[in-house]
Number of protein chains: 2
Amino acid sequence: MYEKKIPLPLECGLMMTREVLGGKWKPNLLFAIVEGINRPSQLQRAIPGATKRVLNLQLRELEEFGVIAKKIYPQLPPRVEYSLTEVGQTLLPILLQMNTWGEQNRTLIETVIAERSKR
Amino acid sequence: MYEKKIPLPLECGLMMTREVLGGKWKPNLLFAIVEGINRPSQLQRAIPGATKRVLNLQLRELEEFGVIAKKIYPQLPPRVEYSLTEVGQTLLPILLQMNTWGEQNRTLIETVIAERSKR
DNA sequence: CGGCATCCGCCAAGATACTG
DNA sequence: CAGTATCTTGGCGGATGCCG
């Protein structure tokens, strides 16, 4: 019985997920959308660190991957709302875990970063 | 009763985790180490896409964050072994979920990527 | 309000070669 | 086998401004 013929098939699932969540603000965007912050202007306000352009780019990518859906209301002023798709919902557990892990280890991480910048 | 004074405290846990897992090969490295592929040369072979240099850089960062431990055997030829720390163990659930999610949605993702490159 | 065009700086990551 | 030094690059993300 062969345990594992090929040591690592590059553990490709990780790369796949990375492809989807890889953008700097994508996790935050998904997180925000779930919480009901689902309009572009709201998202901009919720994520002050990112510019309109970047958020748009990343939103489009998320949309291309079928993770979020974009609803356009043809009116003036224009109105757009994002929502998680079924597939997007399946990402929630991961995001939640990432968030709580980060919270739990925040002091550790901050310490290391502070330490690092001393050099 | 104020529901949420500040809409998003930038959902900082996500950024923390990102800081630790952000490198291109870090998830793969952790995954491999858990599976017993814990020596530099082994890791290089298991992850053909990355160069020695990059792997070293990312391994060092993981070590700085206290996620992996580095054991050096002072002998010739030199021998080094990495292992997950307690903290590192707590990352496993996340990595596993990311991996399985990627596997489950591999065809979707590959399709989108193929589509994208047509333009 | 939502979206896009343009320009630019930076840094993570690739390529290569050398030392112990 | 493990690690480092040097050089280069691609592209992601930041900044700004214009348009419907």
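Every chain is numbered from 1 and lettered A, B, ... according to where its sequence line falls, protein lines coming before strand lines. Just so you know, these numbers come straight off a predicted model, no measurement behind them.
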Within the side chain of B/Gln42, is there an N or O that forms a donor-acceptor pair under 3.5 Å with the backbone of B/Ile37? no
Show your working on salt bridge (charged side-chain N to carboxylate O under 4.0 Å, His left out) between B/Glu64 and B/Arg60 and close with a plain yes or no. CA-CA 6 Å; B/Glu64 284 178 351; B/Arg60 187 180 307 140; 5.8 Å; no
Would the distance check show the side chain of B/Glu63 and the main-chain N or O of B/Ile68 forming a donor-acceptor pair, the cut-off being under 3.5 Å? no
Across the strands shown, which category fits B/Pro40 at heavy-atom distances under 4.0 angstrom: base, sugar-phosphate, nothing? sugar-phosphate
Assign each of B/Val80 and A/Gly23 the nucleotide of DNA chain D bearing its closest heavy atom; nearer the 5' end lies the nucleotide of B/Val80
Interatomic distance, B/Arg39 CZ vs D/dG3 C1' [rounded to whole Å]: 14 Å
Judged by atom type as modelled, is there a donor-acceptor pair below 3.5 Å linking the side chain of B/Thr85 to the main-chain atoms of B/Ala69? no
On the nucleotide D/dG3, are OP1 or OP2 found under 4.0 Å from the side-chain N or O atoms that B/Lys70 carries? yes
Whole angstrom value for the distance that separates C1' of D/dC1 from CG of B/Asn38: 14 Å
A/Leu55 and A/Gln44: side chain to side chain contact (heavy atoms under 4.5 Å, CB included), yes or no, with the steps? CA-CA 8 Å; A/Leu55 290 186; A/Gln44 285 171 45; 4.0 Å; yes
Are OP1 or OP2 of D/dG13 and a side-chain N or O of A/Gln58 less than 4.0 angstrom apart? yes
Atom CD of A/Gln44 and atom C1' of C/dG2 are separated, to the nearest Å, by 8 Å
For A/Lys26 and D/dG13, what is the distance between atoms NZ and P respectively, to the nearest whole Å? 7 Å
Report the distance from atom CG of B/Leu76 to atom C1' of D/dC1, rounded to the nearest whole Å. 9 Å
Per the atom types in the model, does the base of C/dG14 pair as donor or acceptor with the side chain of B/Arg53 at under 3.5 Å? yes
Once you round it to whole Å, what is the distance between P of D/dG20 and OH of A/Tyr73? 26 Å
Please determine whether any donor N or O and acceptor N or O are separated by less than 3.5 Å between the side chain of B/Arg79 and the base of D/dA2. no
Rounding to a whole Å, what distance do you find between B/Lys24:NZ and D/dG10:P? 13 Å
Which nucleotide in D/dG14, D/dA2, C/dG14 has an atom nearest any side-chain atom of A/Thr51: D/dG14
